[in-house]
Amino acid sequence: MLEDLRALVEFAHAGSIAGAADRLFRTPSAITRQVQRLEAALGAELLDRSVKPPRLNSLGSRVLEQARDLLQRTETLKSLTSSHAEPHGLLRIGLAHPLAERTLIDPILALTEKYPKVRVRLISELTGELFNRLLAGELDVAAVLLPEGKTAPPPLLTNIIARDRMEIVQGAAGNFDGDWKSLGSAPWVLNPPGCPLRARLLDRMERDGFTPMIAAEIHNMHLQLAFVQSGYGIGLLPARFIARNHSIDAVKVLRPPSFELHPSVAIVRAGQLGALGKAVELLEHGLRQLLEAADTAKPVTRHRRGLPANRRAARPRK
């Protein structure tokens, strides 16, 4: 029916069957058949054939208005699915809590500045809930932290863009040692249940026979860091976050034996995004640059006998 509507629109624009045929590179008889087919589908005559050349009757004029609107909407719909079109429309982005920090504003602003027709909607959630929203069609893309070597469950598509590193930290005045026995007696400030990184930590401690005491369950990393710095408890935080917040002097890094967490930063989506794909590529690029700038491959600081590296007194040589 769309092609038949297009024939009607071109007929109205050209003022004749022959003119519409020229505009659509078809024969006049083909245009006539299309208009007749449209009339049969709608169950009404759209042309006044009592005059020569025929012209739209009053009902045909009303149908013409709707036809133009429908064809315009069809073109807009096609542009949404085209990877060559300029990105436009609503882009719904999910963020796992460990990635929801203030530096993210830079790649978001870069995205909206380059593609002003894109409107961004952000939501921060647990990784599992973000996967559910992607599968339900409630999100277009999500930035998440995944355990090393893991991907999102199928049919979700995973694009790993960087690696992160998690650190166990205590306040500068803390006196817990970097062994599991000491850490097993410490109060902890962690993400709420549902966080895979928390689960890996607790599983490691429980395998050594320790049940950690949870003193606080908080999604917000800034608040977690504040509790750790105050001495309220020990935390598990991304190295990049500690470095960006200039917190190296305010925390001690504890590295118990046989424990490292190097999660992957991944962009996850449910399928092709059409024109919005370019916007997502720009977001990926911005996130990758942020993580490279944080230089998370290097240790934030080193721990020895409970003191931060920059506070150790130099030992006299023998």
Side-chain angles (χ1 to χ4, degrees), residues 1-94 108 110-122 133-142 155-157 159 267 269-285:
M1 180 179 284
L2 286 176
E3 289 304 312
D4 297 340
L5 289 171
R6 196 179 307 278
L8 182 72
V9 169
E10 293 302 334
F11 166 79
H13 188 275
S16 67
I17 293 291
D22 288 339
R23 294 175 63 84
L24 292 175
F25 303 101
R26 294 173 186 166
T27 64
S29 60
I31 299 299
T32 298
R33 287 194 298 271
Q34 283 186 282
V35 174
Q36 290 172 341
R37 187 165 58 233
L38 179 62
E39 289 178 317
L42 297 177
E45 291 188 359
L46 305 177
L47 301 187
D48 180 0
R49 294 177 173 84
S50 65
V51 295
K52 300 293 183 180
R55 62 189 178 192
L56 291 173
N57 58 29
S58 59
L59 180 58
S61 297
R62 294 199 297 273
V63 170
L64 175 67
E65 293 178 10
Q66 296 297 319
R68 285 172 172 161
D69 181 66
L70 182 58
L71 291 173
Q72 178 60 47
R73 288 175 180 271
T74 301
E75 291 304 313
T76 301
L77 185 62
K78 288 180 178 179
S79 71
L80 283 176
T81 61
S82 171
S83 59
H84 303 292
E86 180 184 356
H88 62 281
L90 178 63
L91 179 60
R92 302 163 301 174
I93 304 172
I108 295 296
L111 188 159
T112 54
E113 287 174 2
K114 183 168 184 178
Y115 301 118
K117 294 182 180 179
V118 173
R119 294 181 294 112
V120 173
R121 180 185 298 163
L122 296 172
R133 287 177 176 265
L134 284 167
L135 291 170
E138 297 172 4
L139 287 176
D140 300 303
V141 67
L156 296 178
L157 305 175
N159 181 23
I267 298 295
R269 53 188 171 83
Q272 298 299 320
L273 294 174
L276 288 174
K278 293 179 182 178
V280 172
E281 289 176 3
L282 185 62
L283 177 64
E284 291 178 357
H285 177 71

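Atoms considered below: every heavy atom in the structure, side chains included; atoms not considered: hydrogens, waters and symmetry mates. Computed from a predicted model, the values in this text were never measured in an experiment.
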Problem set entry | Approximate separation, where rounding is to 0.5 Å, of Arg92 CZ and Leu122 CG | 13.0 Å
Exercise. Tell me, do Leu157 and Ile267 make a side-chain contact under 4.5 Å, heavy atoms counted?
Worked result: no
Problem set entry | Pairwise distance OG(Ser50) to CZ(Arg55) - rounded to 0.5 angstrom | 7.0 Å
Problem set entry | Donor-acceptor contact below 3.5 Å, side chain Arg26 vs main chain Ala20 | no
Problem set entry | Criterion side chain to side chain contact (heavy atoms under 4.5 Å, CB included) on Leu47 and Glu39, from CA distance to verdict | CA-CA 9 Å; Leu47 301 187; Glu39 289 178 317; 4.3 Å; yes
Problem set entry | Heavy-atom pair of closest approach, residues Ala21 and Pro28 | CB-N, 3.7 Å
Exercise. CD of Glu86 to NZ of Lys114: how many Å apart, nearest 0.5 Å?
Worked result: 10.5 Å
Exercise. From Thr32 OG1 over to Phe11 CZ, what is the distance, rounded to the nearest 0.5 angstrom?
Worked result: 9.0 Å
Exercise. Any ion pair linking Glu3 and Arg6 (charged N to carboxylate O, less than 4.0 Å)?
Worked result: yes
Problem set entry | Nearest non-hydrogen partners of Leu111 and Ala279, listed with the distance | CD1-O, 3.4 Å
For this session: Might you work through the side chain to side chain contact (heavy atoms under 4.5 Å, CB included) test for Glu284 and Val280, ending with a clear yes or no?
Result: CA-CA 6 Å; Glu284 291 178 357; Val280 172; 4.0 Å; yes
Exercise. Can you find a heavy atom in the side chain of Ser58 that is under 4.5 Å from one in the side chain of Asp48?
Worked result: no
Exercise. If you draw a 6.0 Å radius around CD in Gln36, do more than 12 non-hydrogen atoms from other residues or ligands fall strictly inside?
Worked result: yes
Exercise. Which is it for Leu59 and Leu42 under the side chain to side chain contact (heavy atoms under 4.5 Å, CB included) test, yes or no, and what are the steps along the way?
Worked result: CA-CA 11 Å; Leu59 180 58; Leu42 297 177; over 6 Å; no
For this session: Dump the intermediate steps for side chain to side chain contact (heavy atoms under 4.5 Å, CB included) on Leu46 and Leu64, then the final yes or no.
Result: CA-CA 9 Å; Leu46 305 177; Leu64 175 67; over 6 Å; no
Exercise. Just wondering, more than 12 heavy atoms not from Arg23 lying within 6.0 Å of its CZ?
Worked result: yes
Exercise. Would you call Leu56 and Leu8 a side-chain contact if the rule is heavy atoms closer than 4.5 Å?
Worked result: yes
Exercise. For the residue pair Ala14 and Gly19, what are the closest heavy atoms and their distance?
Worked result: CB-C, 3.5 Å
Exercise. With a 4.5 Å limit on heavy-atom distance, are the side chains of Leu91 and Leu283 in contact?
Worked result: no
Problem set entry | Nearest heavy-atom neighbours spanning Ala275 and Pro87 | O-CG, 3.2 Å
For this session: Could you tell me the separation between the CZ atom of Arg33 and the OG1 atom of Thr27, rounded to the nearest 0.5 Å?
Result: 5.5 Å
Seminar exercise, completed: On a heavy-atom basis, the closest approach of Leu134 and Ala142 is CD1-CB, 3.9 Å
Exercise. Is there a donor-acceptor pair under 3.5 Å between the side chain of Asp140 and the backbone N or O of Leu273?
Worked result: no
Problem set entry | Separation between CZ of Arg269 and CG of Asn159, rounded to the nearest 0.5 Å | 7.5 Å
